[in-house]
2 protein chains.
Amino acid sequence: MSNSSKPYVIGLDLGGTNSVFGIVDAEGNVVAQTSVKTRGHGPKVEQYVADCVEALNVIIAEVGGIEKIKAMGIGAPNGNYYTGCIEFAPNLPWDQETIPLAKMFSEALGVPVAMTNDANAAAIGEMTYGAAKGMKNFIMITLGTGVGSGIVCDGKLVYGSDGMAGELGHVVVEPHNGRECGCGRKGCLETYCSATGVARTAREILGTTDRPTLLRDIPVDEIESKHVAIAAGKGDEVAKTIMDFTGQLLGRACADFACFNSPEAFVFFGGLTKAGELIMDPIRKSYDENILKCYRGKAKMLVSQLDDAKAAVLGASALGWEL
Amino acid sequence: MSNSSKPYVIGLDLGGTNSVFGIVDAEGNVVAQTSVKTRGHGPKVEQYVADCVEALNVIIAEVGGIEKIKAMGIGAPNGNYYTGCIEFAPNLPWDQETIPLAKMFSEALGVPVAMTNDANAAAIGEMTYGAAKGMKNFIMITLGTGVGSGIVCDGKLVYGSDGMAGELGHVVVEPHNGRECGCGRKGCLETYCSATGVARTAREILGTTDRPTLLRDIPVDEIESKHVAIAAGKGDEVAKTIMDFTGQLLGRACADFACFNSPEAFVFFGGLTKAGELIMDPIRKSYDENILKCYRGKAKMLVSQLDDAKAAVLGASALGWEL
């Protein structure tokens, strides 16, 4: 994918707080990195881009100048691959509804720039440098504040008719009396299996049991997903019940997802996967119980192999190799 | 796709009873047709193929000989695109578990042959000649004895890691106390929205209501999906309730499916679509109620435009143009 004259791509992980830039080689080494606060550049996105380019030029010079850069990839909330625009992202500070960020960076830097959302970028990163290397059909599931996904069919990210495909966190897993979701609907996978969903499960279970648990040491409103994982790791039975419930739902949802593209693997990424087998084991068990016979035993259940701190930048950068 | 020297493809719709062959031009006209009983050739598939080729040669001669044929496509139950084999099809008469039918026809005829399952063939047919002409992202839903599907992403049928992708009839729509499915699991879409599912709904509803209905004129064990459609067409309120229930579930399921590939359209095919707006209207209503905001108003809900009697052969033939 790289060639000797242009051995690098730039990745931008655009988050609500920080915009992290990395210059990455074909093996997935981040050879230079910088970051800029996403806020504080005023309401005009032009100023944000100008400030980013100023910071970027420093690390671009470090690797030998823009001639060494093949392209740039951006992973951003609500990033649309087809348009290169961020569309209606609620947590970003600019005064435009549609922000043509790919075009703006491309014009400022003089290299091709592509953009997609963070979960899609993670999937491409996993395919380029990580657990899905060489795979043509897999599904990436990102377990963070929400549940995101990136779907790969026949070696290509599925963008759909509008560039917005792959929102598996909003597949409804509880059609009756499901939990209310931020999207305005009920019963979405995300309401159960995101970090906030796990915390919600913890509060629900603590409210209905007298069983002793380490989780009672934490004020109930402050319980987070990571507390559950830590307690489960210490053998706490209530915490293990919460992990089992979460994994059971994820496994069942993935069994439905398999009917779509019969993937070679599901790759899980995000805080919840830090619990290791405490979450992966119930996922696998539930998947095996729920999977349609013709798909049985085919899909691997994998955890991302990308370094957490660098995964988002790597994912974004990987998009650059495709240009 | 065609050229002047090879203007035709052969399509084979391989069913449990009949094997229907058509020679098809680039506009989807079936210029010659023949058929052979699927059974009655003994347990060896070789004899079946030999008898098919004998019948085929007659219509091939009619269009100017095999030199006029670009390729052949086969739509068959459990047909695997990657291997060109029928794998473990329960209703076919041959003594092999894996039948390399594409290879056998290719060797006998001297043209390339591809195979896939019937719902995938229908999707390709719809894309080549029908309602999805020119579309790059859509989902075909076939409502027959079962519920089948063919998924198209970026202009390509999704075959998945094993050639068996696209079994949306077995996505679980009722995770708790769902109906038992022939696949051994519970709550699959197929148990509600196939022809047999609709008849099952009719029997359930008739058992719990005293409301007058035309459906009581039919012995309860003999009620079929088409009776419900006919009664609904006459304004029968109970029959309309059954159609509403069915469409409601289909619309909700499609709203989940949209999260995969954000399709431009869903194309419905099969007996149930004969009910026209009596089924399409509740599907659309339920889809609109259940769809994630970012996809709202984007996907069309269409009925197949292919002539029923020819659709399966056309679908199979369309596979030939891709070779």
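Within every chain, numbering begins at 1; the chains are lettered A, B, ... in the order of the sequence lines, protein sequences first and strands thereafter.
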Is [X] close to chain B through its backbone or its side chain, or both, or neither, when contacts mean heavy atoms under 4.5 Å?
X: A:Val173; answer: backbone
X: A:Ile151; answer: side chain
X: A:Asn290; answer: backbone

Who wins among [options] for the most heavy-atom pairs under 4.5 Å with chain A?
options: B:Cys153, B:Pro175, B:Ala258, B:Gly169; result: B:Pro175
options: B:Cys259, B:Ala165, B:Pro263; result: B:Cys259
options: B:Glu264, B:Lys136, B:Arg185; result: B:Arg185
options: B:Asn137, B:Val152, B:Asn78; result: B:Asn137

Looking only at heavy atoms, which two atoms of A:Leu292 and B:Cys183 are closest? And how far apart?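 Closest approach of A:Leu292 to B:Cys183, heavy atoms only: CD1-CB, 3.7 Å.
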Hey, is the main chain of A:Val172 close enough, under 3.5 Å, to the side chain of B:Asp256 for a donor-acceptor pair?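 Yes: the side chain of B:Asp256 pairs with the backbone of A:Val172.
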Treating B:Ser262 as the side-chain partner and A:Met164 as the backbone partner, does any N or O pair qualify as donor plus acceptor under 3.5 Å? no
Gap between atom SG of B:Cys294 and atom NE2 of A:His170 - 0.5 Å precision: 8.0 Å
Nearest-0.5 Å distance that lies between atom NZ in B:Lys156 and atom CG in A:Asp154: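 Here the rounded value is 5.0 Å.
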Heavy-atom pairs under 4.5 Å with chain B, option from A:Asn261, A:Ile139, A:Asp162 with the top count: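 Of A:Asn261, A:Ile139, A:Asp162, A:Asp162 has the most heavy-atom pairs under 4.5 Å with chain B.
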Report yes if the distance between the aromatic ring centroids of B:Phe257 and A:Phe260 is under 6.0 Å, otherwise no. no
